[in-house]
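Predicted model only: the values in this text are computed from it and were never measured.
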Amino acid sequence: MLASSLPIIGPELILAVGSMILLMIGVFLGEKSAQTVTGLSVALIIIAGLWMVFVTPYGVAFGGSFVLDPFAGFMKVLVLIGAAAAVIMSVGYAESERFNRFEFPVLVLLSTTGMMVMVSSGDMIALYLGLELQSLSIYVLAAINRDSVRSTEAGLKYFVLGALSSGMLLYGASLVYGFTGQIEYTAIAEVVATSERSIGIVVGLVFILCGLAFKISAVPFHMWTPDVYEGAPTPITAFLAGAPKVAAIALITRFTVQGFEPLAVDWQQVIIFISIASMALGAFAAIGQRNIKRLMAYSSIGHMGFALVGLAAANFSGVRGVLLYMAIYLAMTLGTFAVILAMRRKDGVVEEIDDLAGLSKTNPVMALMLTMLMLSLAGLPPLAGFFAKYFVFMAAVQAGLYGLAVIGVLASVVGLFYYLRIVKVMWFDDQPSSEFVPMATELRVVLGAAALFIFPVYLLVGGPIFAAAEAAARTFF
(Lines give C-alpha, C1' and ligand atoms only; values in the text may rest on other atoms or scores of the structure.)
Protein backbone atom coordinates (compact mmCIF):
# COMPACT_ATOMS: atom_id res chain seq x y z
CA MET A 1 0.00 0.00 0.00
CA LEU A 2 2.84 2.41 0.87
CA ALA A 3 4.64 1.62 -2.38
CA SER A 4 1.52 2.46 -4.42
CA SER A 5 0.80 5.61 -2.38
CA LEU A 6 4.23 7.27 -2.59
CA PRO A 7 4.10 8.11 -6.34
CA ILE A 8 0.77 9.89 -5.81
CA ILE A 9 2.18 12.15 -3.08
CA GLY A 10 5.39 12.90 -5.02
CA PRO A 11 4.90 16.71 -5.23
CA GLU A 12 4.14 16.95 -1.51
CA LEU A 13 7.25 14.90 -0.69
CA ILE A 14 9.37 17.17 -2.89
CA LEU A 15 8.13 20.26 -1.04
CA ALA A 16 8.32 18.74 2.46
CA VAL A 17 11.80 17.21 2.12
CA GLY A 18 13.07 20.22 0.18
CA SER A 19 11.87 22.65 2.85
CA MET A 20 13.71 20.67 5.54
CA ILE A 21 16.93 20.76 3.50
CA LEU A 22 16.56 24.51 2.89
CA LEU A 23 15.95 25.02 6.61
CA MET A 24 19.25 23.30 7.36
CA ILE A 25 21.04 25.44 4.73
CA GLY A 26 19.57 28.57 6.33
CA VAL A 27 20.50 27.52 9.86
CA PHE A 28 24.13 26.71 9.01
CA LEU A 29 24.79 29.64 6.66
CA GLY A 30 22.83 32.25 8.63
CA GLU A 31 21.11 35.35 7.26
CA LYS A 32 23.47 35.60 4.27
CA SER A 33 21.78 32.48 2.86
CA ALA A 34 18.40 34.26 2.43
CA GLN A 35 18.83 34.95 -1.29
CA THR A 36 20.04 31.41 -1.99
CA VAL A 37 17.18 29.83 -0.04
CA THR A 38 14.66 32.08 -1.81
CA GLY A 39 15.93 31.08 -5.24
CA LEU A 40 16.01 27.38 -4.36
CA SER A 41 12.51 27.52 -2.88
CA VAL A 42 11.10 28.92 -6.16
CA ALA A 43 12.96 26.16 -8.04
CA LEU A 44 11.45 23.57 -5.69
CA ILE A 45 7.91 24.86 -6.29
CA ILE A 46 8.46 24.74 -10.07
CA ILE A 47 9.88 21.20 -9.85
CA ALA A 48 6.92 20.06 -7.71
CA GLY A 49 4.49 21.55 -10.24
CA LEU A 50 6.18 19.94 -13.24
CA TRP A 51 6.42 16.62 -11.38
CA MET A 52 2.70 16.72 -10.61
CA VAL A 53 1.68 17.59 -14.18
CA PHE A 54 3.96 15.19 -16.05
CA VAL A 55 4.89 12.36 -13.66
CA THR A 56 2.38 11.93 -10.81
CA PRO A 57 -0.46 9.50 -11.62
CA TYR A 58 -4.08 10.10 -10.64
CA GLY A 59 -5.23 7.79 -7.86
CA VAL A 60 -6.08 7.28 -4.21
CA ALA A 61 -3.36 6.97 -1.54
CA PHE A 62 -3.26 5.78 2.06
CA GLY A 63 -6.59 3.98 1.98
CA GLY A 64 -8.62 6.92 0.75
CA SER A 65 -7.05 9.67 2.90
CA PHE A 66 -5.35 11.32 -0.07
CA VAL A 67 -6.90 11.75 -3.52
CA LEU A 68 -5.31 13.06 -6.71
CA ASP A 69 -7.88 13.63 -9.45
CA PRO A 70 -8.42 16.31 -12.15
CA PHE A 71 -10.03 18.66 -9.60
CA ALA A 72 -7.06 18.40 -7.21
CA GLY A 73 -4.61 18.76 -10.10
CA PHE A 74 -6.24 21.98 -11.36
CA MET A 75 -6.35 23.61 -7.92
CA LYS A 76 -2.83 22.50 -6.99
CA VAL A 77 -1.41 24.17 -10.08
CA LEU A 78 -3.08 27.43 -8.97
CA VAL A 79 -1.72 27.01 -5.42
CA LEU A 80 1.83 26.48 -6.70
CA ILE A 81 1.60 29.49 -9.05
CA GLY A 82 0.38 31.66 -6.15
CA ALA A 83 3.15 30.47 -3.82
CA ALA A 84 5.92 30.88 -6.40
CA ALA A 85 4.76 34.38 -7.38
CA ALA A 86 4.60 35.47 -3.71
CA VAL A 87 8.19 34.33 -3.08
CA ILE A 88 9.45 35.94 -6.31
CA MET A 89 7.77 39.26 -5.44
CA SER A 90 9.46 39.30 -2.02
CA VAL A 91 13.02 39.62 -3.44
CA GLY A 92 13.12 43.39 -3.96
CA TYR A 93 11.19 44.07 -0.76
CA ALA A 94 13.64 41.92 1.21
CA GLU A 95 16.61 43.93 0.00
CA SER A 96 15.13 47.40 0.52
CA GLU A 97 13.29 46.77 3.82
CA ARG A 98 15.96 44.61 5.51
CA PHE A 99 13.63 41.62 5.27
CA ASN A 100 16.39 39.15 4.33
CA ARG A 101 15.19 36.17 6.34
CA PHE A 102 15.60 32.63 5.08
CA GLU A 103 12.64 31.55 7.23
CA PHE A 104 10.16 33.29 4.90
CA PRO A 105 10.54 31.01 1.83
CA VAL A 106 10.87 27.91 4.06
CA LEU A 107 7.58 28.73 5.83
CA VAL A 108 5.92 29.41 2.47
CA LEU A 109 7.03 25.94 1.30
CA LEU A 110 5.65 24.28 4.45
CA SER A 111 2.40 26.21 4.14
CA THR A 112 2.14 25.22 0.46
CA THR A 113 2.64 21.58 1.43
CA GLY A 114 -0.30 21.91 3.82
CA MET A 115 -2.41 23.48 1.06
CA MET A 116 -1.61 20.62 -1.32
CA VAL A 117 -2.77 18.13 1.34
CA MET A 118 -5.95 20.19 1.91
CA VAL A 119 -6.85 20.12 -1.79
CA SER A 120 -6.30 16.33 -1.98
CA SER A 121 -7.83 15.40 1.39
CA GLY A 122 -10.11 12.38 1.14
CA ASP A 123 -11.10 12.25 4.81
CA MET A 124 -11.43 14.54 7.81
CA ILE A 125 -8.04 13.62 9.31
CA ALA A 126 -6.16 14.65 6.15
CA LEU A 127 -8.36 17.76 6.03
CA TYR A 128 -7.28 18.78 9.52
CA LEU A 129 -3.60 17.91 9.06
CA GLY A 130 -3.35 19.93 5.87
CA LEU A 131 -5.29 22.85 7.31
CA GLU A 132 -3.13 23.08 10.44
CA LEU A 133 0.18 22.76 8.57
CA GLN A 134 -0.93 25.62 6.34
CA SER A 135 -2.29 27.72 9.20
CA LEU A 136 0.60 27.32 11.67
CA SER A 137 3.08 28.43 9.01
CA ILE A 138 0.98 31.50 8.17
CA TYR A 139 0.60 32.45 11.86
CA VAL A 140 4.40 32.72 12.05
CA LEU A 141 4.64 34.51 8.70
CA ALA A 142 2.12 37.19 9.73
CA ALA A 143 4.23 38.03 12.81
CA ILE A 144 7.65 37.49 11.22
CA ASN A 145 8.62 41.17 11.41
CA ARG A 146 9.32 41.21 15.15
CA ASP A 147 10.41 44.87 15.14
CA SER A 148 6.95 45.97 13.96
CA VAL A 149 4.10 46.30 16.47
CA ARG A 150 1.59 46.03 13.61
CA SER A 151 3.07 42.76 12.38
CA THR A 152 3.12 41.26 15.88
CA GLU A 153 -0.48 42.34 16.45
CA ALA A 154 -1.51 40.83 13.10
CA GLY A 155 0.08 37.49 13.94
CA LEU A 156 -1.51 37.39 17.40
CA LYS A 157 -5.00 38.21 16.09
CA TYR A 158 -4.72 35.63 13.36
CA PHE A 159 -3.46 32.99 15.79
CA VAL A 160 -6.16 33.54 18.44
CA LEU A 161 -9.04 33.60 15.97
CA GLY A 162 -7.49 30.74 13.98
CA ALA A 163 -7.34 28.59 17.12
CA LEU A 164 -11.04 29.31 17.71
CA SER A 165 -11.94 28.29 14.14
CA SER A 166 -9.87 25.09 14.46
CA GLY A 167 -11.76 24.21 17.62
CA MET A 168 -15.10 24.68 15.85
CA LEU A 169 -13.94 22.56 12.93
CA LEU A 170 -12.74 19.75 15.21
CA TYR A 171 -15.99 19.79 17.17
CA GLY A 172 -17.96 19.54 13.94
CA ALA A 173 -15.75 16.70 12.68
CA SER A 174 -16.26 14.78 15.95
CA LEU A 175 -20.05 15.16 15.59
CA VAL A 176 -20.01 13.95 11.98
CA TYR A 177 -17.84 10.97 12.94
CA GLY A 178 -20.02 10.21 15.96
CA PHE A 179 -23.25 10.16 13.94
CA THR A 180 -21.93 8.42 10.81
CA GLY A 181 -19.06 6.27 12.11
CA GLN A 182 -17.01 7.36 9.08
CA ILE A 183 -14.26 9.86 8.34
CA GLU A 184 -13.89 9.40 4.56
CA TYR A 185 -15.97 11.79 2.44
CA THR A 186 -17.31 9.10 0.11
CA ALA A 187 -18.21 6.82 3.04
CA ILE A 188 -19.94 9.72 4.83
CA ALA A 189 -21.96 10.42 1.66
CA GLU A 190 -23.07 6.77 1.51
CA VAL A 191 -24.18 6.75 5.16
CA VAL A 192 -26.03 10.07 4.79
CA ALA A 193 -27.75 8.89 1.59
CA THR A 194 -28.97 5.59 3.07
CA SER A 195 -30.09 6.76 6.52
CA GLU A 196 -32.60 9.23 7.89
CA ARG A 197 -31.59 12.88 8.09
CA SER A 198 -29.89 13.37 11.49
CA ILE A 199 -29.83 16.75 13.20
CA GLY A 200 -26.46 15.80 14.75
CA ILE A 201 -24.84 15.41 11.31
CA VAL A 202 -26.30 18.74 10.18
CA VAL A 203 -24.96 20.51 13.29
CA GLY A 204 -21.54 18.92 12.75
CA LEU A 205 -21.59 20.00 9.09
CA VAL A 206 -22.40 23.60 10.07
CA PHE A 207 -19.53 23.70 12.60
CA ILE A 208 -17.08 22.38 9.99
CA LEU A 209 -18.27 24.95 7.46
CA CYS A 210 -17.77 27.69 10.08
CA GLY A 211 -14.17 26.56 10.61
CA LEU A 212 -13.53 26.48 6.86
CA ALA A 213 -15.24 29.85 6.29
CA PHE A 214 -12.62 31.42 8.58
CA LYS A 215 -9.87 30.25 6.22
CA ILE A 216 -11.38 32.09 3.26
CA SER A 217 -12.25 35.11 5.48
CA ALA A 218 -15.95 34.84 4.69
CA VAL A 219 -18.43 36.85 6.78
CA PRO A 220 -19.03 36.50 9.74
CA PHE A 221 -15.54 34.99 10.22
CA HIS A 222 -13.71 37.84 8.48
CA MET A 223 -12.69 39.95 11.52
CA TRP A 224 -8.98 39.13 11.26
CA THR A 225 -8.62 39.96 7.57
CA PRO A 226 -8.20 43.78 7.39
CA ASP A 227 -5.84 43.93 10.39
CA VAL A 228 -3.69 41.01 9.22
CA TYR A 229 -3.53 42.30 5.64
CA GLU A 230 -2.47 45.74 6.85
CA GLY A 231 -0.10 44.62 9.62
CA ALA A 232 1.78 41.77 7.93
CA PRO A 233 4.72 42.61 5.63
CA THR A 234 3.38 43.18 2.11
CA PRO A 235 4.95 40.05 0.48
CA ILE A 236 3.20 37.95 3.15
CA THR A 237 -0.08 39.77 2.53
CA ALA A 238 0.34 38.97 -1.20
CA PHE A 239 0.84 35.29 -0.30
CA LEU A 240 -2.15 35.31 2.10
CA ALA A 241 -4.47 36.84 -0.49
CA GLY A 242 -3.71 34.23 -3.13
CA ALA A 243 -2.74 30.59 -2.63
CA PRO A 244 -4.41 29.92 0.80
CA LYS A 245 -7.76 31.21 -0.52
CA VAL A 246 -7.54 28.88 -3.54
CA ALA A 247 -6.74 25.88 -1.31
CA ALA A 248 -9.52 26.66 1.18
CA ILE A 249 -12.15 27.11 -1.56
CA ALA A 250 -11.01 23.79 -3.08
CA LEU A 251 -11.35 22.09 0.31
CA ILE A 252 -14.84 23.49 0.93
CA THR A 253 -15.93 22.43 -2.56
CA ARG A 254 -14.63 18.87 -2.20
CA PHE A 255 -15.96 18.50 1.34
CA THR A 256 -19.50 19.64 0.54
CA VAL A 257 -19.99 18.28 -2.99
CA GLN A 258 -18.27 14.93 -2.42
CA GLY A 259 -18.98 14.26 1.26
CA PHE A 260 -22.38 15.83 1.80
CA GLU A 261 -24.09 15.83 -1.58
CA PRO A 262 -27.20 14.10 -0.11
CA LEU A 263 -27.53 17.00 2.38
CA ALA A 264 -27.12 19.69 -0.30
CA VAL A 265 -30.38 21.38 0.77
CA ASP A 266 -28.90 21.94 4.26
CA TRP A 267 -25.42 23.18 3.38
CA GLN A 268 -26.71 25.29 0.49
CA GLN A 269 -28.50 27.51 3.01
CA VAL A 270 -25.28 28.08 4.96
CA ILE A 271 -23.27 28.81 1.78
CA ILE A 272 -25.95 31.20 0.46
CA PHE A 273 -25.98 33.17 3.74
CA ILE A 274 -22.16 33.36 3.90
CA SER A 275 -22.00 34.33 0.22
CA ILE A 276 -24.55 37.17 0.50
CA ALA A 277 -23.00 38.50 3.73
CA SER A 278 -19.47 38.42 2.24
CA MET A 279 -20.49 40.14 -0.99
CA ALA A 280 -22.40 42.86 0.89
CA LEU A 281 -19.73 43.57 3.51
CA GLY A 282 -16.93 43.43 0.94
CA ALA A 283 -18.78 45.97 -1.21
CA PHE A 284 -19.80 48.49 1.45
CA ALA A 285 -16.96 48.25 4.00
CA ALA A 286 -14.28 48.93 1.37
CA ILE A 287 -15.79 52.29 0.39
CA GLY A 288 -14.32 54.20 3.32
CA GLN A 289 -10.85 52.61 3.25
CA ARG A 290 -7.79 54.80 2.70
CA ASN A 291 -5.11 52.12 3.10
CA ILE A 292 -4.83 50.07 -0.10
CA LYS A 293 -3.97 46.84 1.76
CA ARG A 294 -7.10 47.17 3.91
CA LEU A 295 -9.12 47.88 0.78
CA MET A 296 -7.74 44.68 -0.80
CA ALA A 297 -8.73 42.80 2.37
CA TYR A 298 -12.37 43.82 1.97
CA SER A 299 -12.13 43.22 -1.77
CA SER A 300 -10.91 39.68 -1.01
CA ILE A 301 -13.85 39.10 1.36
CA GLY A 302 -16.23 40.19 -1.40
CA HIS A 303 -14.58 37.97 -4.00
CA MET A 304 -14.83 34.91 -1.77
CA GLY A 305 -18.55 35.68 -1.57
CA PHE A 306 -18.75 35.74 -5.38
CA ALA A 307 -16.89 32.41 -5.62
CA LEU A 308 -19.32 30.86 -3.13
CA VAL A 309 -22.23 31.82 -5.42
CA GLY A 310 -21.01 29.05 -7.73
CA LEU A 311 -20.73 26.55 -4.88
CA ALA A 312 -24.22 27.46 -3.63
CA ALA A 313 -25.60 26.34 -7.00
CA ALA A 314 -24.42 22.79 -6.07
CA ASN A 315 -24.31 21.70 -9.72
CA PHE A 316 -21.72 20.98 -12.41
CA SER A 317 -21.86 24.54 -13.80
CA GLY A 318 -21.36 25.93 -10.30
CA VAL A 319 -18.21 23.91 -9.56
CA ARG A 320 -16.81 24.79 -12.99
CA GLY A 321 -17.56 28.44 -12.26
CA VAL A 322 -15.73 28.24 -8.91
CA LEU A 323 -12.63 26.76 -10.60
CA LEU A 324 -12.56 29.48 -13.26
CA TYR A 325 -13.23 32.18 -10.68
CA MET A 326 -10.29 31.16 -8.51
CA ALA A 327 -7.91 31.00 -11.50
CA ILE A 328 -8.84 34.53 -12.60
CA TYR A 329 -8.98 35.86 -9.01
CA LEU A 330 -5.43 34.61 -8.40
CA ALA A 331 -4.08 36.46 -11.45
CA MET A 332 -5.87 39.71 -10.55
CA THR A 333 -4.71 39.58 -6.92
CA LEU A 334 -1.05 38.83 -7.69
CA GLY A 335 -0.94 41.65 -10.25
CA THR A 336 -2.46 44.14 -7.82
CA PHE A 337 -0.02 43.22 -5.05
CA ALA A 338 2.89 43.61 -7.47
CA VAL A 339 1.84 47.28 -7.77
CA ILE A 340 1.37 47.62 -3.99
CA LEU A 341 4.90 46.26 -3.46
CA ALA A 342 6.17 48.82 -5.98
CA MET A 343 4.65 51.72 -4.00
CA ARG A 344 7.97 52.86 -2.58
CA ARG A 345 9.57 56.30 -2.49
CA LYS A 346 13.12 57.20 -1.52
CA ASP A 347 12.00 57.77 2.07
CA GLY A 348 10.27 54.37 2.37
CA VAL A 349 7.17 52.31 1.61
CA VAL A 350 3.76 53.99 1.26
CA GLU A 351 0.37 52.27 1.49
CA GLU A 352 -2.26 55.02 1.20
CA ILE A 353 -4.50 55.12 -1.88
CA ASP A 354 -3.80 58.87 -2.19
CA ASP A 355 -0.12 58.04 -2.72
CA LEU A 356 -1.09 56.74 -6.19
CA ALA A 357 -2.02 60.29 -7.22
CA GLY A 358 -0.49 61.31 -10.55
CA LEU A 359 0.80 57.80 -11.32
CA SER A 360 -0.47 58.18 -14.90
CA LYS A 361 2.05 60.99 -15.41
CA THR A 362 5.06 59.47 -13.61
CA ASN A 363 4.57 55.84 -14.71
CA PRO A 364 1.80 55.54 -17.33
CA VAL A 365 2.42 51.83 -18.06
CA MET A 366 2.05 50.88 -14.39
CA ALA A 367 -1.06 53.09 -14.13
CA LEU A 368 -2.61 51.46 -17.21
CA MET A 369 -1.98 47.94 -15.91
CA LEU A 370 -3.38 48.75 -12.46
CA THR A 371 -6.43 50.31 -14.15
CA MET A 372 -7.00 47.07 -16.07
CA LEU A 373 -6.66 45.04 -12.85
CA MET A 374 -9.09 47.29 -10.96
CA LEU A 375 -11.70 47.14 -13.73
CA SER A 376 -11.25 43.36 -13.94
CA LEU A 377 -11.74 43.03 -10.17
CA ALA A 378 -14.91 45.08 -10.62
CA GLY A 379 -16.07 42.61 -13.29
CA LEU A 380 -16.26 44.86 -16.36
CA PRO A 381 -16.17 43.28 -19.84
CA PRO A 382 -14.16 42.32 -21.85
CA LEU A 383 -11.67 41.71 -19.02
CA ALA A 384 -11.26 38.26 -17.45
CA GLY A 385 -12.98 39.32 -14.20
CA PHE A 386 -16.25 39.71 -16.12
CA PHE A 387 -16.17 36.07 -17.25
CA ALA A 388 -15.35 34.90 -13.72
CA LYS A 389 -18.53 36.51 -12.38
CA TYR A 390 -20.60 35.60 -15.43
CA PHE A 391 -20.08 31.85 -14.99
CA VAL A 392 -20.87 31.77 -11.25
CA PHE A 393 -23.96 33.96 -11.70
CA MET A 394 -25.22 31.81 -14.60
CA ALA A 395 -24.75 28.68 -12.47
CA ALA A 396 -26.88 30.29 -9.73
CA VAL A 397 -29.57 31.16 -12.29
CA GLN A 398 -29.56 27.56 -13.61
CA ALA A 399 -30.05 26.34 -10.03
CA GLY A 400 -33.01 28.69 -9.56
CA LEU A 401 -31.14 30.97 -7.15
CA TYR A 402 -32.29 34.16 -8.88
CA GLY A 403 -32.16 36.30 -5.73
CA LEU A 404 -28.55 35.30 -5.04
CA ALA A 405 -27.53 36.20 -8.60
CA VAL A 406 -29.27 39.59 -8.40
CA ILE A 407 -27.61 40.40 -5.06
CA GLY A 408 -24.26 39.44 -6.60
CA VAL A 409 -24.77 41.81 -9.52
CA LEU A 410 -25.81 44.65 -7.17
CA ALA A 411 -22.75 44.04 -4.95
CA SER A 412 -20.56 44.22 -8.08
CA VAL A 413 -22.06 47.61 -8.93
CA VAL A 414 -21.27 48.94 -5.43
CA GLY A 415 -17.75 47.48 -5.62
CA LEU A 416 -17.20 49.30 -8.90
CA PHE A 417 -17.24 52.58 -6.92
CA TYR A 418 -14.12 51.94 -4.87
CA TYR A 419 -12.21 50.35 -7.75
CA LEU A 420 -12.99 53.40 -9.91
CA ARG A 421 -11.86 55.67 -7.08
CA ILE A 422 -8.35 54.20 -7.37
CA VAL A 423 -8.47 54.76 -11.14
CA LYS A 424 -9.60 58.36 -10.58
CA VAL A 425 -6.75 59.02 -8.11
CA MET A 426 -4.16 57.70 -10.58
CA TRP A 427 -5.39 59.56 -13.64
CA PHE A 428 -6.97 62.79 -12.40
CA ASP A 429 -5.47 63.77 -9.02
CA ASP A 430 -2.41 66.02 -8.75
CA GLN A 431 0.84 64.15 -8.43
CA PRO A 432 2.83 64.27 -5.15
CA SER A 433 6.18 66.01 -4.77
CA SER A 434 8.17 62.78 -5.27
CA GLU A 435 7.53 59.80 -7.52
CA PHE A 436 8.01 56.08 -6.83
CA VAL A 437 11.43 54.50 -7.18
CA PRO A 438 11.78 52.31 -10.34
CA MET A 439 9.83 49.05 -10.18
CA ALA A 440 11.90 45.92 -9.48
CA THR A 441 12.29 43.47 -12.38
CA GLU A 442 10.49 40.60 -10.65
CA LEU A 443 7.49 42.85 -9.90
CA ARG A 444 7.37 43.95 -13.54
CA VAL A 445 7.29 40.31 -14.63
CA VAL A 446 4.43 39.39 -12.26
CA LEU A 447 2.45 42.56 -13.06
CA GLY A 448 2.96 42.15 -16.79
CA ALA A 449 1.94 38.48 -16.73
CA ALA A 450 -1.19 39.23 -14.67
CA ALA A 451 -2.26 42.19 -16.81
CA LEU A 452 -1.70 40.26 -20.05
CA PHE A 453 -3.63 37.28 -18.68
CA ILE A 454 -6.75 39.26 -17.85
CA PHE A 455 -6.59 40.98 -21.27
CA PRO A 456 -5.98 39.90 -23.98
CA VAL A 457 -4.50 36.46 -23.22
CA TYR A 458 -7.64 35.15 -21.48
CA LEU A 459 -9.70 35.99 -24.58
CA LEU A 460 -7.23 33.97 -26.68
CA VAL A 461 -6.57 30.97 -24.38
CA GLY A 462 -9.77 31.03 -22.34
CA GLY A 463 -10.93 27.93 -24.22
CA PRO A 464 -8.23 25.54 -22.90
CA ILE A 465 -8.59 26.98 -19.36
CA PHE A 466 -12.37 26.52 -19.60
CA ALA A 467 -11.88 22.93 -20.84
CA ALA A 468 -9.48 22.18 -17.96
CA ALA A 469 -11.97 23.58 -15.44
CA GLU A 470 -14.75 21.53 -17.05
CA ALA A 471 -12.69 18.32 -16.82
CA ALA A 472 -11.85 19.12 -13.18
CA ALA A 473 -15.51 19.76 -12.31
CA ARG A 474 -16.54 16.40 -13.83
CA THR A 475 -14.64 14.74 -10.97
CA PHE A 476 -17.78 15.11 -8.83
CA PHE A 477 -20.51 14.68 -11.45
Side-chain angles (χ1 to χ4, degrees), residues 161 165 168 206 209-230 240-241 245 248-249 252-253 256 266-314 318 321-322 325-326 328-329 332-333 336 353 373-380 385-397 399-423:
L161 292 170
S165 77
M168 294 170 74
V206 171
L209 287 177
C210 289
L212 296 177
F214 174 89
K215 300 303 175 188
I216 59 167
S217 60
V219 178
F221 307 99
H222 65 284
M223 300 82 70
W224 59 275
T225 318
D227 292 334
V228 173
Y229 271 49
E230 184 183 9
L240 260 174
K245 298 286 174 71
I249 284 283
I252 294 173
T253 304
T256 52
D266 293 299
W267 59 256
Q268 264 182 305
Q269 296 174 45
V270 179
I271 298 296
I272 289 169
F273 168 75
I274 291 174
S275 174
I276 292 172
S278 299
M279 288 188 295
L281 183 118
F284 288 100
I287 290 173
Q289 300 304 317
R290 292 288 174 265
N291 182 292
I292 194 163
K293 285 165 73 177
R294 286 186 79 87
L295 183 138
M296 286 304 294
Y298 285 110
S299 170
S300 165
I301 292 168
H303 280 284
M304 291 303 102
F306 290 122
L308 290 175
V309 170
L311 181 57
V322 170
Y325 199 99
M326 295 315 295
I328 294 167
Y329 165 81
M332 297 187 297
T333 301
T336 305
I353 293 170
L373 289 163
M374 290 295 109
L375 296 180
S376 183
L377 283 165
L380 292 185
F386 166 77
F387 297 99
K389 290 183 179 177
Y390 173 79
F391 285 115
V392 292
F393 291 159
M394 286 306 295
V397 170
L401 302 173
Y402 304 110
L404 181 61
V406 169
I407 291 169
V409 172
L410 293 175
S412 294
V413 173
V414 176
L416 179 61
F417 171 80
Y418 59 80
Y419 293 125
L420 282 178
R421 183 159 61 86
I422 294 176
V423 175

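- Closest of all the heavy-atom pairs between A395 and A313 is O-CB, 3.5 Å.
- Note on residues 266-286: pairs passing side-chain hydrogen bond (donor to acceptor under 3.5 Å, both in side chains), not counting sequence neighbours, are R197-D266.
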Walk me through whether H303 and M326 qualify under side chain to side chain contact (heavy atoms under 4.5 Å, CB included).
CA-CA 9 Å; H303 280 284; M326 295 315 295; over 6 Å; no

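- Contacts of S165 classified as side-chain hydrogen bond (donor to acceptor under 3.5 Å, both in side chains), with partners at least two apart in sequence or in another chain: none.
- Rounding to the nearest 0.5 Å gives a distance of 5.0 Å between CE of M223 and CG of L161.
- The side-chain hydrogen bond (donor to acceptor under 3.5 Å, both in side chains) check on Y229 picks up K245, S300, with sequence neighbours excluded.
- With sequence neighbours excluded, no residue satisfies ring pair (Phe, Tyr, Trp, His ring centres under 6.0 Å) with Y298.
- Between I287 and V414 the shortest side-chain heavy-atom distance falls below 4.5 Å.
- For the atom pair CD1 (I252) and CG (L209), the distance works out to 7.0 Å, reported to the nearest 0.5 Å.
- T333 places a side-chain N or O within 3.5 Å of a backbone atom of Y329 that can act as its donor or acceptor partner.
- With sequence neighbours excluded, no residue forms a ring pair (Phe, Tyr, Trp, His ring centres under 6.0 Å) with F221.
- Scanning for ring pair (Phe, Tyr, Trp, His ring centres under 6.0 Å) contacts around Y419 gives an empty result, with sequence neighbours left out.
- Considering CD1 of I301 and NE2 of H222, their distance stands at 5.5 Å, rounded to 0.5 Å.
- Between K215 and A248, the shortest heavy-atom contact is CB-CB, 3.9 Å.
- Here T336 contributes atom OG1 and K293 contributes atom NZ; the two are 14.0 Å apart, rounded to the nearest 0.5 Å.
- The CG atom of L404 lies 6.0 Å from the CD1 atom of I272; values are rounded to the nearest 0.5 Å.
- Not a single side-chain contact (heavy atoms from CB on, under 4.5 Å) links A280 to another residue, sequence neighbours left out.
- Every residue two or more places apart in sequence or in another chain that forms a side-chain contact (heavy atoms from CB on, under 4.5 Å) with I407 is listed here: I276, M279.
- Taking both residues in full, the closest heavy atoms of P220 and F273 are given as CD-CE2, 4.3 Å, listed atom of the first, atom of the second, then distance.
- When all heavy atoms are compared, the tightest approach of A283 to A411 is CB-O, 3.7 Å.
- A distance of 7.0 Å separates CD1 of I274 from CG of L308, quoted to the nearest 0.5 Å.
- Partner of I422 under the side-chain contact (heavy atoms from CB on, under 4.5 Å) criterion, out of L377, I353, L373: I353 alone.
- The shortest heavy-atom contact between A286 and L295 is O-CD1, 3.9 Å.
- Not a single side-chain contact (heavy atoms from CB on, under 4.5 Å) links V413 to another residue, sequence neighbours left out.
- In this structure L420 satisfies the side-chain contact (heavy atoms from CB on, under 4.5 Å) test together with L375, L416, sequence neighbours excluded.
- Residues that satisfy the salt bridge (Lys or Arg N to Asp or Glu O under 4.0 Å) test with D227, not counting sequence neighbours, are K157, R294.
- Across all their heavy atoms, T225 and S217 have their closest contact at OG1-CB, 2.9 Å.
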